[in-house]
Number of protein chains: 2
Amino acid sequence: MQSFTEENYLKIIYHLSLNTESAVQTNAIAERIQTKAASVTDMIKKLADKKLVDYKKYQGVKLTESGKNAAINIVRRHRLWEVFLVEKLNFKWDEVHDIAEELEHIKSPELIERLDEFLAFPRNDPHGDPIPDKNGKLDNTVFIKLSKLKTGDKGLIMGVSEHSSVFLQHLEKIGLTLGKQIRITEITDFDGSVELSIENKQINVSREVAKSILIKI
Amino acid sequence: MQSFTEENYLKIIYHLSLNTESAVQTNAIAERIQTKAASVTDMIKKLADKKLVDYKKYQGVKLTESGKNAAINIVRRHRLWEVFLVEKLNFKWDEVHDIAEELEHIKSPELIERLDEFLAFPRNDPHGDPIPDKNGKLDNTVFIKLSKLKTGDKGLIMGVSEHSSVFLQHLEKIGLTLGKQIRITEITDFDGSVELSIENKQINVSREVAKSILIKI
DNA sequence: ATATTTTTTTAGATTTGTCTAAACTTATAG
DNA sequence: CTATAAGTTTAGACAAATCTAAAAAAATAT
């Protein structure tokens, strides 16, 4: 069983691994986890001793099979708690991350199975991210960035790839929330901004925003 | 804001204070918290520096006003989570203590207010213990031990003063659960065991058991 | 190919919470 | 009222996770 801190490292390494085939760098971890590179090196050695990561000096780390399992479990717990906070306690989607960050470390497996059942086995968290099932299996449906669509394309908002409060509050304000149907009405050539219709209203989003919204066609 | 460990000490000191007017002894804390007296002395000094306890060498500790507030807050969180686990996730009353022990340290006050609301502001936890309100106020209804009743007395089972799994499972098995109506039909003089009728059945409980069941007449 | 910059690691210190062993206080028994 | 026992504290050490400063390796630039 891992400590609170070890779990945080595993989770961060897992998230950083998703963007790359190659090993995760010490500095990248340090930045994400708000600590110094030297501390990361120390922890990496500890995780390597426990066979949770493969590590060669100066070469960064990769999760082992068992490290990956542990990480996915943490992600599962985090996302289930986010669903609970939004669906049952009426938190907004931009308010839940920090609380889930604490709740994810509660260890009882029985608790998580029952929570999953209580929430009716949700497949996605409030940001559209998939929730691993109890065997660690992830729904591998891949969504398309709104910025990749063409004029006339229709789709459903399924998630976001940027999780900051400012961004989520902005989406909330302009009405771009999970599950809504959209249709692209125009794409401005020179700045890539997108005009779309949603619930019979026309709104305009910048290319920056469009890149962070995930769509199912 | 206190650490996980400091919170545990405050909680234990609070519980031990309930049984006595005088200061709580180092050894008593050590026994409850599964640690050594020397460690307790160290932590007590830290809590005293933070003005959470009053401490004079060799004289034990008492919670200060602010220490007591902190402790009551932890108790509130613990008991609310116990209600959640039993009412919403269908845990049995003897299964929830350890999980609530972890959940009670999640810090967000907003979370607790919303949880309280979600549970419809329960007044008691699954063992009948009162839940402090958000101002720390405790319902001061005092219940009577079943062992104090006389033949013919009627009452409702409101709680238990012993929380071990074995005991709770035993009560569950013989049907003595929260909220049920009972009537004393006979008290055996020589061993103090109590015969009572509950839901038209006659059952017999030892004096030991009777002392740990709390009744509202 | 060498110099410079970036990244990573090491060495040694610090903090938090714990421990053992010994010393000290207070309580209890004769 | 002294001797012994019980309870508590101190001193010094340890493990976990962190840090700073300096050394070492790898990447980049001239």
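Here is how names work: the chains are called A, B, and so on, in the same order as the sequence lines, proteins then strands, and each is numbered from 1. These values consider heavy atoms only, across backbone and side chains, with no hydrogens, waters or symmetry-generated copies.
If you measure from atom CG of Asp49(A) to atom P of dA16(D), you get 11 Å, rounded to the nearest angstrom. Distance Gln59(B) CD to dC24(C) C1': 14 Å, rounded to the nearest Å. Taking atom CG on Leu47(A) and atom P on dA16(D), their separation rounds to 13 Å, with Å as the unit. Atom CD in Gln25(A) sits about 14 Å away from atom C1' in dT9(C), given to the nearest Å. Glu6(A) has its CD atom 10 Å from the P atom of dT18(D), to the nearest Å.
Lys211(B) and Glu162(B) are not joined by a salt bridge, as no carboxylate oxygen comes within less than 4.0 angstrom of a charged side-chain nitrogen. A salt bridge links Lys11(A) with Glu101(A); the closest basic N to acidic carboxylate O contact falls under 4.0 Å.
For the residue pair Glu172(B) / Trp93(B), a side-chain donor-acceptor distance below 3.5 Å is found, with atom types taken as modelled. No hydrogens or angles considered: a donor-acceptor pair under 3.5 Å links the side chains of Thr188(B) and Ser193(B). Side chain to side chain, Thr5(A) and Glu7(A) fail the donor-acceptor criterion of an N or O pair below 3.5 Å.
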Pairwise N/O distances under 3.5 Å, protein to nucleotides 1-5 of chain D:
none

Atom pairs, protein N/O to nucleotides 10-14 of chain C N/O, distance under 3.5 Å:
unit_1	atom_1	unit_2	atom_2	d
dT10(C)	OP1	Lys57(A)	NZ	2.7
dT10(C)	OP2	Lys45(A)	NZ	2.6

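Using a 4.0 Å heavy-atom cutoff across all strands shown, Ser39(A) reaches at least one base atom of the nucleic acid. Among the heavy atoms of the strands, none lies under 4.0 Å from Phe4(B).
Here the side chains of Trp81(A) and Ile106(B) are not in contact, with every heavy-atom distance at 4.5 Å or above. Contact check for Val83(A) versus Lys88(A): no side-chain heavy atoms found under the 4.5 Å cut-off.
Between Thr5(B) and dT16(C) there is no side-chain N or O to OP1 or OP2 distance below 4.0 Å. Contact annotation: Thr35(A) reaches the phosphate of dC19(D) (side-chain N/O to OP1 or OP2, under 4.0 Å). The phosphate of dT8(D) has OP1 or OP2 within less than 4.0 Å of a side-chain N or O from Asn27(B).
Position along DNA chain D of the nearest nucleotide to Ile44(B) versus Tyr58(A) favours Ile44(B) as the more 5'-ward residue.
No option in Arg76(A), Arg79(A), Arg123(A) other than Arg123(A) meets the salt bridge (charged side-chain N to carboxylate O under 4.0 Å, His left out) test with Asp139(A).
Sorted by first and then second residue, the ring pair (Phe, Tyr, Trp, His ring centres under 6.0 Å) pairs involving residues 99-145 of chain A (not counting sequence neighbours) are Phe4(A)-His105(A), His127(A)-His163(A).
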